[in-house]
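Owing to the predicted nature of the structure, the values given are computational and were not obtained by experimental measurement. For ligands, and for the atoms within them, numbers begin at 1 and follow the listed sequence.
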Amino acid sequence: MLRTKKKISLMIPVNTPLLSGNEEKYLRECIKTGWISSEGPFVSKFETEFASYIGMRHGIAVANGSGALDIAIQALDIGVGDEVIMPTFTIVSPAFSVVRAGATPVLIDSDPFTWNIDVHQIEEKITYKTKAIVVVHIYGLPVDMDPVIALCEKYNLFLIEDGAEMHGQDYKGQSIGSFGHLSTFSFYPNKIITTGEGGMILSNDDKLAERCKKLRNLAFEPDKPRFVHYEMGWNYRMTNLQAALGLAQLEKIDEHIRRKREIGLLYMQGLTMLENCRLPIESTSYAANIYWVFGIVAKTETHKENWVANLSKNGIGTRPFFWCMHEQPVFMKMGLFKNETYPVAELLARNGFYIPSGLGLTNENVYAVINALLSLN
Ligand SMILES: *Cc1c(COP(=O)(O)O)cnc(C)c1O
């Protein structure tokens, strides 16, 4: 029997992007000039302007943020026999990149307050095989970078920053994405700026940047005969159409960040009375929350399930938090992370969810979400 899926149209989806600037104008320009592939002029312009916004010398635009990580791992020659330290509580992308390269992810539990990698648990996991640390800045507050940088210097490790959720966020006044040997960004529609699908790698190292540029384009060799290849690469090129969107979005990034923080603060104020949960923390000694998404950690899994189901009944979208890497069926089947447990991350994964946080939200939407949550308390 065919099961018919009842279509509930969400009144307030978990994300709505904001395309309020020159997006249409620049896209028309692509169509009028016929420049729609990765060869178009907006691509290098977007690379230069985004890199300079973050404060890095080189930007390499790619098809998405996961591809940016694939390239970063390969560009650093991470492969069989190498270990890469990363949080267990993250999107799967960095773990996929590392495992595909034949290397092993070494996982770290989360900090219960910022939900980021617990930097104080890293050093005990460093071995002679460790080649890199991937930090993932999660949901709104950046990773505490100073201790990570100190470890990378002490043990001569590469640092990759996944800044996909944190364009324009600072750590002690310096841009996220400007600390790593390589840093990666995504421009998926729920990110702070979007190109529909898209990503970027940033670096201050001329050679690494050249390598990334080559790897995103099937590893064509710039100085050798065309169609003769010396290593494997990817087709992760960004199109001129995507870069056109990106440039228009970048013109508005400060406004986007201001609005994210405004939505975050409205939720913080509106939800102070919400019981049986923990709200995000507004700031740490090194950064103010950018509220890329507004996460809530319920006291129990049941509380979370009730909230999510009831919000959904009210037409309000939610998303669960990430599921830990050490509990991913795909990795368990491979025999990875056997008998490993990370209690803080497991609790976040089970009890955490986030409420509508897109830039397209109106204040009325935010109040409606707050009222729905409070009335279900
Ligand atoms: C969104 C995201 C990615 C993946 O980006 P895509 O463009 O969707 O491939 C990678 N890392 C983090 C932390 C993300 O939030």
Between [X] and [Y], which heavy-atom pair has the shortest distance, and what is it?
X: I176; Y: F185; value: O-CZ, 3.7 Å
X: S66; Y: S97; value: O-OG, 3.9 Å
X: L182; Y: C212; value: CD2-SG, 4.0 Å

Using ring centroids (six-membered ring only for Trp), state whether H167 and F187 fall under 6.0 Å. yes

Looking at the rings of F227 and F220, which for Trp means the six-membered one, are their centres under 6.0 Å apart? yes

Where ligand 1 meets [X] - atom numbers and elements under 4.0 angstrom, heavy-atom basis:
X: V136; value: 13 (C)
X: A164; value: 2 (C), 3 (C), 10 (C), 11 (N), 12 (C), 13 (C), 14 (C), 15 (O)
X: D162; value: 10 (C), 11 (N), 12 (C), 13 (C)
X: N64; value: 7 (O), 9 (O)
X: G198; value: 7 (O)
X: S66; value: 4 (C), 5 (O), 6 (P), 9 (O)
X: G65; value: 5 (O), 6 (P), 7 (O), 9 (O)

Looking only at heavy atoms of E197, does any of them come nearer than 4.0 Å to an atom of ligand 1? no

Does any N/O atom on S186 come nearer than 3.5 Å to any N/O atom on ligand 1? yes

Identified side-chain hydrogen bond (donor to acceptor under 3.5 Å, both in side chains) counterpart of E23 within the set K252, Q249, R28: Q249

Give the contacting part of K191 toward ligand 1: side chain, backbone, both or neither, where contact means a heavy-atom distance below 4.0 Å. side chain

Regarding atom 15 (O) of ligand 1: of the candidates M200, M166, H137, E165, which has the closest heavy atom? E165

Please say yes or no: joined through hydrophobic side-chain contacts below 4.5 Å, possibly via intermediate residues, are W35 and I31 part of one cluster? no

Over 12 non-hydrogen atoms of neighbours within 6.0 angstrom of CG in N156: no

